[in-house]
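Single-structure report; data block below.
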Amino acid sequence: MEKKKIVVASSNAHKIAEIGDIMKGYEFISMKDAGFDGEIEENGSSFKENALIKAKTVAEALGVTALADDSGLCVDTLGGAPGIYSSRFSGEGDEGNRKLLLKQLEGFEDRRAHFECAVCLYSPGGKTLFATGRTYGHILEEERGNGGFGYDCLFFSDDLKKSFGEATEEEKNCVSHRFRALEELRKLL
Ligand code: ITT
């Protein structure tokens with residue numbers, strides 16, 4: 001049977017790959033490959049709002065069903081920062097973001113944190129499904145492992161008892177915020 005095609009409203013190749021590994025049975029196409037190369041202004045005030053903005057923009061521009069993931073790292077001691085600003089935290093990409101996070105946490109004992117993910121599936125005509133997922137852990141004093149992307153090598157997972165950077169893709173994809181959000185979404189489909 002031919003797999004159902006879904007356009008992913010994201011320009012983050014790591015995310016798109018993880019979504020494909022987690023949601024078997026669907027074929028995911030990046031928005032760029034589907035013909036969308038516009039800018040999307042993520043000006044929502046929550047993960048959910050930003051996921052809707054991304055999915056709706058791409059779905060309406062292309063006339064197809066689109067899936068968006070808005071996600072980020074929330075650190076308790078920092079009042080939930082960087083949160084929805086995770087990708088733009090330092091303004092200098094993933095490496096700069098990790099450096100800034102370590103700097104802001106210097107001297108803090110409480111390093112508890114969670115990743116959060118909101119997914120939105122938007123179909124032309126306005127049918128909208130949302131799901132969210134979280135995964136808990138703490139921020140390490142230094143990077144461990146080089147797998148994954150973003151803050152993975154600084155995030156020690158309570159579930160895996162190692163950093164996401166040290167975990168295999170399969171291990172991360174069994175406990176991650178993205179996996180949990182997509183599992184919820186799958187139940188709604
Ligand atoms: P799109 O908006 O194009 O999808 P993006 O990377 O800008 O790509 P977000 O706005 O949702 O996506 O920001 C997510 C950021 O949160 C991401 O760039 C990482 O810094 C961090 N992040 C989210 N999920 C992560 C994960 O599984 N592992 C490590 N870092 C993650």
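First listed ligand is number 1; within each ligand, the first listed atom is number 1. Remember, it's a predicted structure, so these values are computed and weren't measured experimentally. Sequence positions, counted from 1, serve as the residue numbers for this chain.
- A cation-pi geometry, defined here as NZ or CZ lying under 6.0 Å from the six-membered ring centre and within 45° of its normal, does not hold between K3 and Y26.
- At a heavy-atom cutoff of 4.0 Å, ligand 1 is surrounded by S10, S11, N12, K15, E42, K54, D69, D70, S71, G72, S86, S87, F115, F149, G150, Y151, D152, K172, H177, R178.
- A donor-acceptor contact closer than 3.5 angstrom links the side chains of S71 and R178.
- Annotation for R88: atom CZ counts as buried by contact number, over 12 foreign heavy atoms lying within 6.0 Å.
- Between F164 and F115, the ring planes lie parallel to each other; the angle is under 30°, not in the 30° to 60° tilted range.
- By the 6.0 Å contact criterion, CG on N146 is open, its count of non-hydrogen atoms from other residues, nucleotides or ligands being 12 or less.
- Sparse packing is recorded around CD of E169, with 12 or fewer heavy atoms of other residues, nucleotides or ligands lying under 6.0 Å away.
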